[in-house]
Structures are given as structure tokens and as C-alpha cells.
**Q** 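Sharing a structure with you now.
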Amino acid sequence: MTIVTRFAPSPTGYLHIGGARTALFSWLLAKNQGGTFLLRVEDTDRERSTQAATDAIIEAMAWLDLAAEGTAVFQSQRFDLYNSHIDTLLETGRAYWCQCTPDEVEAMREKARAEGRKPKYDGRCRELGLGPGAGRVVRFKGPQDGVTNFLDMVKGPTAVQNAEMDDMILRRSDGSPTYNLAVVVDDHDMGVTVVLRGDDHVANTPRQILLYQAFGWNVPNFGHVPMILGPDKAKLSKRHGALSVMEYRTLGYLPEALVNYLARLGWSHGDQEIFSREELVRLFSTGNLGNSPSVFDVKKLEWLNAHYIKESAPGRLAALLPEYLAQAGPAGADNLDGLNLDPGYLASIVPLLQPRAKTLVEMAAMAHFFLVPTARLDYDEKAVAEHLKPGSRELLARLLPIYEAAPDYSDHKALEAATQAFLDEGNLKFKAVAQPLRVALTGKTASPGLFETMGVLGKTESLARIRQALALVEE
RNA sequence: GUCCCCAUCGUCUAGCCUGGUCCAGGACGACGGCCUUUCACGCCGUUAACAGGGGUUCAAAUCCCCUUGGGGACGCCA
């Protein structure tokens with residue numbers, strides 16, 4: 001039997017980190033076993049489900065490259081299927097109509113809580129033999145004693161007293177099916193053999209198993225992945241600044257970095273930290289999933305992102321860069337006006353920035369001075385005051401003819417050698433010219449290597465910037 | 001409140017199932033140093049954990065029990 005896994009998000013919000021991780025694990029498990037990974041959109045709650053959220057989830061999965069087989073299943077389009085199965089349960093006596101109002105049920109729960117018992121519906125309509133009627137719901141007639149157990153793929157043997165579970169609603173008073181019913185019908189119908197989901201679903205699993213048994217269907221394997229927590233160890237939420245997957249893209253993270261990070265959060269393979277997609281597929285196993293919750297650590301994500309930035313082909317990063325450039329200028333310069341975005345030029349800049357940027361946002365900020373026309377170069381005032389004093393200006397002025405005479409800027413070693421020769425002659429230290437020249441070329445005190453920078457800027461641009469800096473000082 | 005789950009450096013984790021090779025290993029971070037034209041990269045080093053208490057055993061991070069701490073679930077949400 002070939003394995004079939006699925007990811008079943010509810011489109012009431014964007015795809016968040018926790019969801020992305022369970023999706024990744026389910027995808028990896030399927031691929032590892034040569035099986036199939038499916039996507040199902042759980043939009044039975046029409047009030048809260050939106051098309052925008054559905055689109056966003058699909059977009060995020062695409063960005064992470066977690067492709068599902070075939071087209072997504074939408075629960076909202078399958079109400080007839082669910083209802084026919086509810087009717088079957090009604091016919092076989094495994095379900096019954098209940099006339100209790102939400103308020104009445106709430107009162108029962110309150111009473112139970114007050115008496116120190118588990119709050120639940122008391123089953124008073126179980127044997128009433130009620131039929132359909134306004135305001136009535138269909139409840140599952142569950143066993144009231146005995147134990148339901150299953151072998152959780154990550155937690156191990158798990159058992160729940162049936163008495164702990166109340167008779168869950170299968171069909172609401174408005175005729176719509178509830179979550180547990182729809183999930184079971186769909187997982188069966190879609191041929192799902194392994195359900196890997198978040199820990200917050202453990203309590204649903206025995207209920208669902210009861211439904212499988214009532215239908216006489218094969219029960220799939222279940223695995224519950226521990227939650228992701230915020231720095232305060234509480235379930236990761238908006239409150240912690242928990243971001244959607246796509247916001248990580250906006251922040252300049254590469255999808256493979258997020259995937260690698262997420263994979264290592266709660267899963268491990270010895271001491272290995274860096275995993276290619278192929279390695280992940282080959283090595284993934286639920287046996288290596290941890291069983292305690294883990295805290296999300298942005299620092300480690302940053303480290304991985306920096307790693308993947310260094311590994312990426314310059315052309316790829318150059319193509320991604322413009323998306324981040326609009327925000328990258330100094331305060332106020334929030335557009336791409338006049339920037340040199342030639343792909344070849346960008347690709348020549350990227351290698352100088354790869355070892356320096358932890359995110360594409362940082363890279364864009366560092367790339368900015370390369371792209372702006374000399375006339376609009378932004379100078380750091382303190383840098384100018386500090387490094388373009390008269391003495392420095394004189395040195396730069398003496399250096400200028402040497403750079404004017406240099407024939408080939410693509411050979412940055414030659415530029416360096418020429419500079420060194422000049423310094424030797426005057427018995428000067430490199431430090432004497434380094435920062436003045438840097439400020440002249442970049443407007444800042446921190447940048448990639450001077451001569452590599454000149455090499456990328458090219459002769460015309462480099463000379464223009466040095467001349468402009470000299471003029472700047474004269475003012 | 002009831003039920004369920006979890007517990008190794010600040011964080012992610014290896015080791016635990018199949019006790020000894022663990023005065024607990026790796027990684028991120030932090031700190032220090034080296035390299036160096038700046039900023040980074042890189043390299044080297046330091047820091048830091050078996051929650052506590054009882055057992056079992058010649059021997060326990062590893063097995064058992066209790067305590068404590070944390071988390072989750074208890075919807076006509078999913």
C-alpha cells in the first residue's frame with residue numbers, strides 16, 4: 001500500500017509557521033516513501049473562510065515548493081457527501097437527533113465544571129428517538145465505556161477513555177457538517193493513510209477513530225507533531241509577532257532557508273544542520289521527530305538564510321533583488337527611480353554582497369550605492385566629516401591620476417597594485433587612503449573591498465565619484 | 001476544574017527504546033581572539049544543560065515512582 005498524506009488548512013488566515021512545518025513534514029513523509037501528498041481546504045465555516053486566505057495559503061505552499069498531487073479538495077463543495085454519510089450513521093443507529101439548545105448544553109458544561117467533572121454534553125437525547133426538526137442537531141452516539149487507543153507515530157501508544165468524550169455534533173442545526181465528521185469522510189474518501197498534524201489535534205483523534213469504526217472504515221495512522229512556541233514558551237501566536245510564511249519572504253528570507261530551519265525545528269538527523277531538499281526527502285522519518293515543543297529562534301533562521309545566500313547563484317539573487325530595492329534607499333528614497341537595474345550589472349554586484357548579507361533586505365540596502373547615479377549618491381555626514389578632511393582630500397587628488405591612467409578596472413588586483421605602488425613611494429600606509437577612498441566611492445564607512453567595488457562600478461563611475469567627493473570637500 | 005502530553009546548555013538538538021564508551025556531543029546565540037583597507041566572511045577558543053526527590057542496579061541523562069514546572073484539549077471553530 002502506497003502512502004498518502006495530506007495537509008488540511010482552514011482558510012481563516014494566512015499560512016503560519018506551524019502550519020508550514022506540518023505541511024513540510026507531511027510532504028517529506030510522502031516523498032520519502034514514494035507516496036502522494038494531497039491538499040484539502042477545510043472551509044466548512046463559511047463565516048470565517050475567505051478566498052484571499054485560500055489564495056495566500058496556496059501561494060505560500062508554492063513558494064516553499066510543497067506541491068500537492070492533483071487539485072485541492074474544498075470541503076465547502078462536498079456537503080452532499082458528508083450529509084449522506086451522516087444519514088447512514090442515523091440509519092444504523094450510530095447517530096441521533098438532539099434538541100438541546102446551545103444554552104442548555106452550556107449549562108450542562110457549567111454544572112459539570114462546578115462539580116469537578118469534565119465539561120461535556122450529558123447525552124440526554126440519546127434514547128429519545130427524535131427525528132429532524134428546527135434547531136436540532138445530529139450527534140454521534142459514542143461508546144460510553146471502554147478505551148480507544150492508537151499508536152501515535154511520534155508520541156507512541158496513546159489511549160483515551162471513551163467516557164472522556166461526549167457525543168459530538170456531526171450536523172449543525174443549519175444542516176452543515178462539523179469538522180470531525182468532514183475530516184473523517186474526506187480522509188477516507190481521499191485514500192489518506194497517514195495523518196500528520198499539530199499536537200493541538202490529539203484530542204480529536206480518538207473521536208475520529210470512533211467515527212472510522214462506526215463507518216467500518218480502515219483507520220489511518222496518526223502522528224502529532226509538537227507545537228511551536230514563542231520565546232515565552234506559550235503557543236506561538238500573533239502576540240509573539242508570529243509571521244505568515246509570506247512575510248518571511250518580504251523580510252528577505254530564501255524559501256530553502258525557511259524549509260531547512262523548519263525541518264530542524266522538532267526533527268533531527270544526528271548533528272547535521274544543513275539539509276538540501278534531496279537530503280531531507282531521503283532522510284526524513286517520523287521516528288526522528290522530537291516529542292517536546294520547540295521555541296522558534298529567529299537568530300538561527302538568519303544564520304541559515306545567510307548560509308543559503310552565500311550558496312546561491314548570483315544571477316538568481318540578482319533577479320530577486322529589485323523586489324527589495326524599492327524599500328532599500330536611504331530614508332525618503334523609497335523608489336526605483338534612476339537606479340541601474342541592469343540584470344548583468346546586478347549580478348556583478350551580488351558576489352560582493354553575498355558574504356555580508358543575512359537577508360535580501362540587507363543585501364538590497366548594501367547594493368543601493370552601486371545602483372544610484374553618482375549625482376544622487378547619499379553621503380553619510382559623519383563619514384564625510386571624519387574621512388574627507390583636507391589632508392585626505394589631498395591624497396585622493398594625488399591618487400586620481402593613477403586611477404585615470406588605469407586601463408582595466410575589471411582587474412581589481414591591478415588597481416590595488418597601482419595604489420600600493422603609490423603608497424610605497426610616499427611611504428604611506430594603506431589606512432591613510434582606505435577610508436577616504438571608501439567614503440568617496442560609496443558615501444559610507446562600511447562596504448565591500450575597495451578595489452572590487454571599483455571594479456564593479458567601472459572606470460567612469462569610479463572616477464566621477466572621486467571627483468565629486470573632492471568637490472564636496474571644497475564647499 | 002477535568003483529561004492528555006512534555007521535561008538535556010539562553011535556543012534548536014544528539015544521546016534515552018537496547019543502562020557502563022557521557023565529569024554529556026553538535027549547532028545558533030553571546031563573549032574573547034586571529035585574519036584584515038572598512039563592514040562582513042572565515043578560522044580558533046570560552047561560556048553554558050541531564051528540573052528536584054526517591055527507588056531499581058555493581059553502574060542511570062538513560063528503567064520505575066512521586067513532586068515541581070511547562071504546554072495542550074475540553075465549541076452548533078477548525
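Residue numbers begin at 1 in each chain, while the letters A, B, ... track the order of the sequences.
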**Q** With sugar-phosphate meaning primed atoms plus P, OP1 and OP2, does A:Lys310 contact a base, only sugar-phosphate, or nothing at under 4.0 Å between heavy atoms?
**A** sugar-phosphate

**Q** Is any side-chain N or O of A:Arg356 under 3.5 Å from a base N or O of B:C41, one able to act as donor and the other as acceptor?
**A** no

**Q** Using a 4.0 Å heavy-atom cut-off, does A:His224 contact any base of the nucleic acid, only the sugar-phosphate backbone, or nothing at all?
**A** nothing

**Q** B:U37 base to A:Arg438 side chain: any donor-acceptor pair below 3.5 Å?
**A** yes

**Q** Pick base, sugar-phosphate or nothing for A:Cys98, based on heavy-atom distances below 4.0 Å to the nucleic acid.
**A** nothing

**Q** Closer than 4.0 angstrom, basic N to acidic O: yes or no for A:Arg124 and A:Asp167?
**A** no

**Q** Considering every strand and a 4.0 Å limit on heavy-atom distances, what is the contact class for A:Ser294: base, sugar-phosphate, or nothing?
**A** sugar-phosphate

**Q** Could you work out the separation of B:G72 and B:C50 based on their C1' atoms and round it to a whole Å?
**A** 25 Å

**Q** Say you pick atom C1' in B:C22 and the same atom in B:C28; how far apart are they, in whole Å?
**A** 22 Å

**Q** How is A:Asn204 classified with respect to the nucleic acid when contacts are heavy atoms under 4.0 Å: base, sugar-phosphate, or nothing?
**A** base

**Q** Under 4.0 Å: is that the gap between some side-chain N or O of A:Lys233 and OP1 or OP2 of B:G69?
**A** no

**Q** Is B:A27 paired to anything, Watson-Crick or G-U wobble with both distances less than 3.5 Å, and if yes, which nucleotide?
**A** B:U11

**Q** Should A:Lys118 and A:Asp166 be marked as a salt bridge (charged side-chain N to carboxylate O under 4.0 Å, His left out) after you check the CA-CA gap, both sets of side-chain angles, and the distance that decides it?
**A** CA-CA 10 Å; A:Lys118 193 177 179 74; A:Asp166 61 4; over 6 Å; no

**Q** OP1 or OP2 of B:A14 sitting under 4.0 Å from any side-chain N/O of A:Ser268?
**A** yes

**Q** Has the side chain of A:Arg126 got a donor or acceptor atom that lies under 3.5 Å from a matching backbone atom of A:Gly142?
**A** yes

**Q** Students often get this wrong, so: under 4.0 angstrom with heavy atoms, is A:Leu265 touching a base, only sugar-phosphate, or nothing?
**A** sugar-phosphate

**Q** Nearest heavy atom decides the nucleotide; on that basis, is A:Pro102 or A:Gln161 closer to the 5' end of RNA chain B?
**A** A:Gln161

**Q** Set out, line by line, the N/O atom pairs under 3.5 Å between protein and nucleotides 46-50 of chain B.
**A**
none

**Q** Hey, does A:Thr442 reach any base, or is it just sugar-phosphate, or nothing, if we go heavy atoms under 4.0 Å?
**A** nothing

**Q** With sugar-phosphate meaning primed atoms plus P, OP1 and OP2, does A:Thr445 contact a base, only sugar-phosphate, or nothing at under 4.0 Å between heavy atoms?
**A** base

**Q** Under a 3.5 Å cutoff, is there a donor and acceptor pairing between the side chains of A:Tyr403 and A:Thr419?
**A** yes

**Q** Rounded off to whole Å, could you give me the NE2-to-P distance for the A:His412 and B:U37 pair?
**A** 14 Å

**Q** Is the ring of A:Trp303 stacked on the base of B:C28, with centres less than 5.5 Å apart and planes under 30° off?
**A** no

**Q** Return no unless some side-chain N or O of A:Arg109 is found under 4.0 Å from OP1 or OP2 of B:C76.
**A** yes

**Q** On RNA chain B, nearest-nucleotide positions of A:Ala357 versus A:Ser292: which is more 5'?
**A** A:Ser292

**Q** Across all strands shown, which nucleotide pairs with B:A51 by Watson-Crick or G-U wobble geometry, both distances under 3.5 Å?
**A** B:U67

**Q** Looking at A:Val361, A:Asn305, A:Ile309, which hits side-chain contact (heavy atoms from CB on, under 4.5 Å) with A:Tyr253?
**A** A:Asn305

**Q** Expressed in angstrom and rounded to an integer, what is the separation of A:Lys300 atom NZ from B:G29 atom P?
**A** 9 Å

**Q** So, is A:Lys118 near the phosphate of B:G1, with a side-chain N or O under 4.0 Å from OP1 or OP2?
**A** no

**Q** Is A:Asp199 salt-bridged to A:Lys155, cutoff N-O under 4.0 Å?
**A** yes

**Q** How close or far is atom P of B:C6 from atom CG of A:Leu289, stated in whole angstroms?
**A** 14 Å

**Q** Just by distance, no angles: are the side chains of A:Asn180 and A:Thr178 close enough, under 3.5 Å, to form a donor-acceptor pair?
**A** no

**Q** Parallel, tilted or perpendicular for A:Phe296 and A:Tyr248, by the 30°/60° rule?
**A** tilted

**Q** Regarding A:Val295, tell me which of base, sugar-phosphate or nothing describes its non-hydrogen contacts under 4.0 Å with the strands shown.
**A** sugar-phosphate

**Q** How is A:Pro448 classified with respect to the nucleic acid when contacts are heavy atoms under 4.0 Å: base, sugar-phosphate, or nothing?
**A** base

**Q** Side-chain donor or acceptor of A:Asn180 under 3.5 Å from a matching atom on the base of B:A78?
**A** no

**Q** Decide whether A:Gln51 and A:Asp55 meet the rule of one side-chain donor and one side-chain acceptor closer than 3.5 Å.
**A** yes

**Q** Counting only side-chain nitrogens and oxygens, does A:Arg113 get under 4.0 Å of the OP1 or OP2 atom of B:C74?
**A** no

**Q** Is the distance from OP1 or OP2 of B:A7 to the nearest side-chain N or O of A:Asn291 less than 4.0 Å?
**A** yes

**Q** Describe the nucleic acid contact of A:Glu273 in one word from base, sugar-phosphate, nothing, applying a heavy-atom distance below 4.0 Å.
**A** base

